[in-house]
Amino acid sequence: MYSRRRFLHAAMTTTAGLALASRAGLALADAASQRLRQRAIPATGETLPVIGAGTSGSFEASPGSDKFDGLKDVLKVFFEGGATLIDTAPNYSGADAVLGQLLEEGGWREQCFLATKIAADTREAAEAQWAESLRRLRTDHVELLQVHNLRQWKIQLPYARELKQQGKTKYVGVTHYLDSGLDELEQILRTETLDFIQIHYSVNAPNAARTVLPLAQEKGVAVLINRAFDDGRLFARVRDTPLPDWAEDVGVSSWAQMFLKFAISHPAVTTVIPATSRPDRQADNLHGGIGPLLSDAQQRSLIGMFR
């Protein structure tokens, strides 16, 4: 006979088990909520964390200097936080060489989705620049090769595609950083096959959302966002301005997080690439890729604040 004592023991065991399962489930859900969001690259389905890093200005340092040592900590925070994509260029005052040395010394190259650019006017100059880029980056390939600021893109995009066919890069794309490039970028999206574009998009420069971002989404092109902080100028504008009342609802505790979350809240955006040379700011940037996105109304509210 199934005694009352056995019944109570079974009930207590089941209740305890359910409680443990519930706590475990909550812990897993909480852990998941603290991970960087991922977005798929349309061309392949490979996913990227929504927060990456740029190197312009921030990675200009002399090996052995305090800034160089600080950059080691920046990359440690970056990779341990789950980020992968770092964007550089051969004309960033030696930033690519610094990045290459740091990746090698830290053993991070395999973790890194490395993006660089062609910034040259002729095919011959591009070939020489590419060879030098590989040397400076201390690698034999990159994940993404982009034509910098549409510079001679009719010459350089075919060359980038050749390198892709040779296995020297997995993806190709083009970049720009001003509204003046949006019309040409739109035409390229309509006429060329691209894996990526890189463009500026921020609370005070939202025009890419009119045509370029929706078109990239329609064409299946991944999007990197530069200048989400307007080269730092946005921080001066909000120095004495409190965050909106709803900031806590979307997990935002700083203006840097807010500006980054604005960018990734557009569904066409794959990854935003803020630059910093400070580990604390790197950690803060990563937090912008965690938690809820902004609603359309919240995005419009931010744009209205910076008109």
Side-chain angles (χ1 to χ4, degrees), residues 36-43 47-52 54 85 87 115 144 146-150 153 173-235 237-238 243-244 246-247 249-252 255-275 285 288-307:
L36 278 174
R37 283 180 173 271
Q38 304 272 327
R39 291 263 171 85
I41 300 169
T47 59
L48 287 173
V50 293
I51 304 296
L85 189 151
D87 177 79
L144 170 60
Q146 306 154 100
V147 179
H148 198 192
N149 295 337
L150 308 182
W153 69 265
V174 298
T175 81
H176 210 277
Y177 71 108
L178 296 172
D179 278 2
S180 59
L182 291 175
D183 288 345
E184 187 173 10
L185 190 53
E186 178 184 349
Q187 293 307 308
I188 294 171
L189 279 167
R190 294 189 186 280
T191 58
E192 299 287 335
T193 300
L194 300 170
D195 299 314
F196 275 80
I197 62 168
Q198 183 182 142
I199 193 63
H200 65 296
Y201 179 58
S202 62
V203 294
N204 66 333
N207 289 336
R210 294 179 181 174
T211 55
V212 169
L213 293 182
L215 185 58
Q217 192 173 17
E218 176 189 330
K219 296 289 186 179
V221 177
V223 178
L224 302 185
I225 296 300
N226 58 43
R227 301 183 67 226
F229 300 150
D230 191 15
D231 299 332
R233 283 183 283 270
L234 282 173
F235 295 118
R237 293 186 61 177
V238 297
L243 288 165
W246 44 263
D249 297 337
V250 292
V252 165
W255 275 108
Q257 294 171 25
M258 184 67 79
F259 297 145
L260 295 173
K261 189 155 286 197
F262 170 84
I264 64 172
S265 292
H266 194 291
V269 171
T270 309
T271 300
V272 61
I273 50 171
N285 288 346
I290 294 169
L293 298 177
L294 306 187
S295 68
D296 290 345
Q298 288 165 342
Q299 293 172 62
R300 290 193 299 269
S301 173
L302 284 174
I303 292 171
M305 289 177 63
F306 292 91
R307 282 200 177 119

Practice prompt. With His200 as reference, evaluate Asp179, Asp231, Asn226, Asp230 under the side-chain hydrogen bond (donor to acceptor under 3.5 Å, both in side chains) test and give the passing residue.
Written response: Asp179
Worksheet entry | Least distance between heavy atoms, Pro214 atom then Ala208 atom | CD-O, 4.0 Å
Worksheet item: Do side-chain atoms of Thr271 reach the backbone of Pro49 as a donor and acceptor pair under 3.5 angstrom?
Response: yes
Worksheet item: For Ile303, what residues pass the side-chain contact (heavy atoms from CB on, under 4.5 Å) criterion, not counting sequence neighbours?
Response: Pro206, Phe262, Arg307
Worksheet item: Does any N or O in the side chain of Lys219 come within less than 3.5 Å of the main-chain N or O of Glu192, such that one atom is a donor and the other an acceptor?
Response: no
Worksheet item: Between Leu260 and Ala228, what is the shortest heavy-atom contact and its length?
Response: CD2-CB, 4.1 Å
Discussion item. Among residues at least two apart in sequence or on other chains, which ones pass side chain to side chain donor-acceptor pair (under 3.5 Å) with Asp195?
Written reply: Lys164
Fill in: Distance in Å, Leu182 CG paired with Ile199 CD1, rounded so as to fall on 0.5 Å steps
5.0 Å
Worksheet item: Which pair of non-hydrogen atoms, one from Ile41 and one from Ala222, has the smallest distance, and what is that distance?
Response: CG2-CB, 4.2 Å
Worksheet item: Are Val269 and Val50 close enough, and set up right, to give a side-chain contact (heavy atoms from CB on, under 4.5 Å), and what steps lead you there?
Response: CA-CA 8 Å; Val269 171; Val50 293; over 6 Å; no
Worksheet item: Quick one: does Arg227's side chain have a donor or acceptor within less than 3.5 Å of a partner on Ser202's backbone?
Response: no
Item to complete: Check step by step if side-chain contact (heavy atoms from CB on, under 4.5 Å) holds for Asn204 and Arg237.
Response: CA-CA 11 Å; Asn204 66 333; Arg237 293 186 61 177; 4.0 Å; yes
Worksheet item: Looking only at atom types and distance, does a side-chain atom of Thr47 sit under 3.5 Å from a main-chain N or O of Ala40, one as donor and one as acceptor?
Response: no
Practice prompt. Return the set of residues passing ring pair (Phe, Tyr, Trp, His ring centres under 6.0 Å) with Phe259 (not counting sequence neighbours), or none when no residue passes.
Written response: Phe235, Trp255, Phe306
Discussion item. Looking at Thr270 and Leu224, would you say the former's side chain and the latter's main chain have a donor-acceptor pair under 3.5 Å?
Written reply: no
Worksheet item: For the atom pair CG (Leu302) and NZ (Lys261), what is the distance rounded to the nearest 0.5 Å?
Response: 12.0 Å
Practice prompt. Carefully, step by step, assess Asp87 and Gln146 under the rule side chain to side chain donor-acceptor pair (under 3.5 Å).
Written response: CA-CA 10 Å; Asp87 177 79; Gln146 306 154 100; 3.0 Å; yes
Discussion item. Walk me through whether Trp153 and Glu184 qualify under side chain to side chain donor-acceptor pair (under 3.5 Å).
Written reply: CA-CA 11 Å; Trp153 69 265; Glu184 187 173 10; 3.0 Å; yes
Worksheet entry | Between CG on residue Leu189 and CD1 on residue Ile197, distance to nearest 0.5 Å | 5.0 Å
Discussion item. Between Arg37 (side chain only) and Ile264 (backbone N and O only), is there a donor and an acceptor less than 3.5 Å apart?
Written reply: no
